[in-house]
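Report on one structure; see the data block that follows.
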Amino acid sequence: MERWFGLISGLFLNALGNALSVSGNMGSGVWTASAVNLSKWTGLSIGIFLFINGFLNALTNQVLIRRFDWKRFLNEMIFICFFSYFIDFFVQIFDLLGIGRLPIILRAAISCLGITFFCMGISLYQRANIVMHPNDDTTNILRFLYLKGSATRSQLIDFVPPILVMIVSFIFTRHLYSVGIATLYSILFNGFIIRTADEFLWPHLEHNFRQKVGPQAINKFRT
């Protein structure tokens, strides 16, 4: 039951944070920014590329865990389909509140606050490990199966594909979209915020990462 509460509160914080960064319009998370740039380049909707990114992440996870887990794959695809609804819901509320019309300094602070919130949400539902966005599952797998529990290194490795996508898009379009102070904040501090949230935000909710990693290994990583 505690893990289910962790999942629900994590989803709430993640959706809230993403919506704040979108409404603040001062940069967003790296994967979202890559989808925006692909959309501007090709003319297709952002949602299509967010779905494609999630699908590719879900496939990557099957490779990383070295076996096919169809339940994991299905749950991650369901997460992708429904999570966008909650983000849209919060974006509509924040737009009605006029966040996008605030002074630039306030919007920058709000966008960075949004990044902080969704990192806190990621920490919660990664520890619950019931279902999560496939991209967050990728960082979880990298962290505990390949990187000795390092949240910072797993986040930095996870940023490589979207950054490459934005570089290629910029070469062809000569423009960079949805990249700002909050994007830089995300690149520099995502891993640190998640690691700090693991320690101080609901510390009793310990990592439930079971794939080839036992409780003793998890405790070692946490220290």
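We number each residue from 1, following the sequence as shown.
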Any side-chain heavy atom of Tyr146 within less than 4.5 Å of one from Leu64? yes
With the 4.5 Å side-chain cut-off for hydrophobic clustering, are Phe94 and Leu106 part of the same group? yes
Distance, nearest 0.5 Å, that separates CH2 of Trp41 from CD1 of Ile171: 8.5 Å
Any non-hydrogen side-chain atom of Tyr177 less than 4.5 Å from a side-chain atom of Ser39? no
Over all heavy atoms of both residues, which pair between Lys148 and Arg153 is shortest? Give the atoms and the distance, please. CB-NH2, 4.4 Å
Please examine the side chains of Glu2 and Leu205, heavy atoms only from C-beta on, and report whether any two atoms are closer than 4.5 Å. yes
Among Arg67, Lys71, Arg66, find the one that has a salt bridge (Lys or Arg N to Asp or Glu O under 4.0 Å) with Asp69. Arg67
Donor-acceptor pair, distance only, cut-off 3.5 Å: does the side chain of Thr138 make one with the backbone of Pro134? yes
Got Trp31 and Pro161 here, is their nearest side-chain heavy-atom distance under 4.5 Å? yes
Common cluster, Phe55/Phe49, ILVMFWY with side-chain heavy-atom separation under 4.5 Å: yes
Once the angle between the rings of Phe79 and His133 is folded into 0 to 90°, is it parallel (under 30°), tilted (30 to 60°) or perpendicular (over 60°)? perpendicular
Rounded to the nearest 0.5 angstrom, the CE-CZ distance for Met166 and Phe159 is 9.5 Å
Are the side chain of Ser9 and the backbone of Gly6 linked by a donor-acceptor contact shorter than 3.5 Å? yes
Can any side-chain N or O of Thr42 pair as donor or acceptor with the backbone N or O of Leu38 at less than 3.5 Å? yes
Around atom CG of Leu59, are there more than 12 heavy atoms of other residues, nucleotides or ligands at under 6.0 Å? yes
Quick check: do Ser111 and Tyr185 have side-chain heavy atoms less than 4.5 Å from each other? no
Would you name the heavy atoms of Ala15 and Phe86 that are closest together and state the gap between them? CB-CB, 3.9 Å
How close do Met132 and Glu76 get, counting heavy atoms only, and between which atoms? O-CG, 3.6 Å
How many angstroms lie between CG in Asn57 and CD1 in Ile52, if you round to the nearest 0.5 Å? 12.0 Å
Looking at Trp202, is its backbone amide N or carbonyl O close enough to the side chain of Arg127 to form a donor-acceptor pair, meaning the two atoms are under 3.5 Å apart? yes
Heavy-atom nearest pair, Ile115 first then Ser21, reads CD1-CB, 4.4 Å
Give a yes-or-no answer on whether the side chains of Asp136 and Asn140 include a donor-acceptor pair shorter than 3.5 Å. no
Quick check: closest heavy atoms across Ala197 and Met120, and the distance to 0.1 Å? CB-CA, 4.3 Å
I'd like to know if the side chain of Asn37 reaches the main chain of Val165, judged simply by a donor and an acceptor atom lying under 3.5 Å from each other, with no hydrogens or angles considered. no
Taking side chain as C-beta onward, heavy atoms only, is Asn18 less than 4.5 Å from Phe117? no
Determine whether the side chains of Asn53 and Asn135 contain a donor N or O and an acceptor N or O closer than 3.5 Å. no
Stepwise, does the side chain to side chain contact (heavy atoms under 4.5 Å, CB included) test hold for Thr173 with Lys40? CA-CA 8 Å; Thr173 65; Lys40 297 292 186 180; 5.9 Å; no
Taking a hydrophobic cluster as the set of Ile, Leu, Val, Met, Phe, Trp and Tyr residues connected by side-chain heavy atoms closer than 4.5 Å, whether directly or through intermediates, do Leu13 and Leu113 fall within one such cluster? yes
More than 12 heavy atoms of other residues, nucleotides or ligands under 6.0 Å from CZ of Phe51: yes or no? no
Does atom CZ of Phe172 have more than 12 heavy-atom neighbours from other groups under 6.0 Å away? no
Is the ring centre of Tyr125 less than 6.0 Å from the ring centre of Phe12? no
Side-chain heavy atoms under 4.5 angstrom apart, residues restricted to Ile, Leu, Val, Met, Phe, Trp, Tyr: same cluster for Ile65 and Phe73? no
CG (Asn129) and CZ (Arg3) are apart, to the nearest 0.5 Å, by 8.0 Å
Ser123 side chain to Cys119 main-chain N or O, any donor-acceptor pair under 3.5 Å? no
Would you say that Ile130 contacts Trp4 through its side chain, given a criterion of any heavy-atom pair below 4.5 Å between the two side chains? yes
Gap separating the CD1 atom of Ile163 from the CD1 atom of Ile167, nearest 0.5 angstrom: 7.0 Å
Look at the side chain of Thr183 and the backbone N and O of Ser28, then say whether any donor-acceptor pair between them is shorter than 3.5 Å. yes
Which heavy atom of Thr139 sits nearest to which heavy atom of Gln126, and what is that distance? OG1-NE2, 2.8 Å
Under a single-linkage definition using a 4.5 Å side-chain heavy-atom cutoff for Ile, Leu, Val, Met, Phe, Trp and Tyr, are Val179 and Met26 assigned to the same hydrophobic cluster? no
Inter-residue atom distance Asn25.CG - Ile99.CD1, 0.5 Å rounding: 11.5 Å
With salt bridge (Lys or Arg N to Asp or Glu O under 4.0 Å) as the test, pick out the partner of Arg143 among Asp198, Asp137, Asp158. Asp198
Decide yes or no for Phe118 and Asn190: does some side-chain heavy atom of the first lie under 4.5 Å from some side-chain heavy atom of the second? yes
